[in-house]
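Values below: all heavy atoms of this structure, side chains included; hydrogens, waters and symmetry mates excluded.
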Amino acid sequence: MEQIDRRMRDLRPAGWSILTYRDRGGLAPGELLLEKIGKPVWEKEHRAAGLRVITAATRRRVFERDNHRCVRCGILPGEIYPDETDAAARLTIGHVEPHKYGSASGEENLVTECSRCNETAKHLASPRFSERQVWDEITELPRKDKQMLLAWLVAGKREQSRVERAMSHLWQLPGAQREEIMRRLGSSLSS
């Protein structure tokens with residue numbers, strides 16, 4: 001299964017869309033759905049489009065460093081997007097400096113992104129908030145939240161609370177195990 005996962009990651013930059021149970025609720029673990037065929041990477045002129053040299057170990061370290069959450073929008077893997085109730089977040093690795101400009105694939109140039117933010121950053125397809133819109137949103141926050149936001153900006157990362165860390169770890173479990181923990185948690189709180 002690890003080989004299939006690696007090959008899917010290799011095909012995504014070439015425009016292939018292959019969904020797993022994390023992307024589409026009706027799929028079973030190990031079941032895949034080919035949604036879109038991309039460039040024919042078996043042909044010489046397209047071969048490089050689907051090949052990236054990011055090892056599984058590097059990928060794991062980047063995910064761990066970024067607390068298994070998208071550094072752009074903060075979503076956890078498997079969470080449903082608030083504005084897209086039929087789409088679950090899938091984490092991927094993105095480049096700080098775009099790969100197409102010859103940037104390295106070292107950990108210092110890699111970040112954890114959900115597939116939606118990765119595509120948005122790559123194509124700049126969706127509208128971005130203006131500085132004014134962001135500032136207006138910040139000014140409406142309570143003082144405590146403004147202080148927390150400033151601390152995150154100074155630190156250069158968002159610190160997770162213990163409950164957010166637990167949720168991040170929970171979302172990494174298979175669905176049946178998450179449901180069992182939810183059942184056990186519900187029982188412990190009701191007694």
Side-chain angles (χ1 to χ4, degrees), residues 1-13 15-36 38 52 54-96 107 110-122 126 137 141 144-145 148-149 151-152 155-191:
M1 189 65 172
E2 187 177 322
Q3 282 290 66
I4 292 171
D5 289 343
R6 187 172 316 133
R7 193 63 195 137
M8 285 186 345
R9 287 192 303 265
D10 287 347
L11 290 171
R12 285 186 181 123
W16 291 70
S17 178
I18 304 168
L19 305 179
T20 69
Y21 74 99
R22 292 183 180 110
D23 304 309
R24 172 119 354 125
L27 297 175
E31 191 175 12
L32 305 172
L33 174 66
L34 175 62
E35 187 178 56
K36 179 183 167 200
R52 302 288 167 99
I54 301 173
T55 67
T58 299
R59 186 175 302 279
R60 187 186 73 250
R61 285 191 301 271
V62 171
F63 283 151
E64 288 172 358
R65 179 197 68 205
D66 296 337
N67 295 311
H68 298 277
R69 85 170 38 244
C70 176
V71 298
R72 300 199 190 285
C73 72
I75 200 162
L76 295 167
E79 280 187 328
I80 303 299
Y81 289 103
D83 60 341
E84 206 175 327
T85 57
D86 63 337
R90 179 181 48 78
L91 294 183
T92 187
I93 299 292
H95 288 77
V96 176
E107 289 177 43
L110 300 174
V111 292
T112 302
E113 295 176 326
C114 68
S115 56
R116 188 164 84 170
C117 287
N118 184 272
E119 287 301 310
T120 301
K122 193 182 301 177
S126 69
E137 184 178 16
L141 294 173
K144 180 181 174 186
D145 291 346
M148 187 173 12
L149 181 61
W152 291 343
K157 64 180 181 176
R158 179 179 143 184
E159 295 295 329
Q160 285 184 308
S161 68
R162 288 176 64 197
V163 71
E164 287 175 312
R165 246 189 328 276
M167 185 65 169
S168 175
H169 297 149
L170 183 63
W171 274 111
Q172 295 173 50
L173 296 175
Q177 292 176 359
R178 285 195 311 263
E179 288 175 13
E180 173 59 20
I181 287 179
M182 184 170 60
R183 185 195 62 73
R184 288 170 41 198
L185 182 59
S187 290
S188 73
L189 290 172
S190 65
S191 54

Which distance, rounded to the nearest 0.5 Å, do you find between the [atom1] of [X] and the [atom2] of [Y]?
X	Y	atom1	atom2	result
Leu19	Glu31	CG	CD	11.0 Å
Arg178	Leu185	CZ	CG	14.5 Å
Ile75	Ser115	CD1	OG	9.5 Å
Ile93	Asn118	CD1	CG	9.5 Å
Ser17	Glu35	OG	CD	4.0 Å
Ile18	Leu33	CD1	CG	9.5 Å

Side chain to side chain, Phe63 and Pro77, heavy atoms closer than 4.5 Å: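 No, every pair of side-chain atoms sits at 4.5 Å or beyond.
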
When you measure from the side chain of Arg65 to the backbone of Glu107, do you find a donor-acceptor pair of N or O atoms at a distance under 3.5 Å?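 Yes.
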
Look only at the side chain of Arg69 and the backbone of Leu76, and say whether a donor-acceptor pair between them is shorter than 3.5 Å.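 A pair under 3.5 Å: no.
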
Of all the heavy-atom pairs spanning [X] and [Y], show the shortest one and how long it is.
X	Y	answer
Cys117	Arg72	SG-CB, 3.9 Å
Ala89	Cys114	CB-CB, 4.5 Å
Leu91	Thr112	CD1-CG2, 3.8 Å
Glu113	Cys70	CA-SG, 3.7 Å

As a test of understanding, state which of Met182, Arg184, Gln177 forms a side chain to side chain contact (heavy atoms under 4.5 Å, CB included) with Glu180.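 Output: one option passes, namely Arg184.
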
Decide, yes or no, whether a salt bridge links Arg60 with Glu64 under the criterion of side-chain N to carboxylate O below 4.0 Å.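 Yes.
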
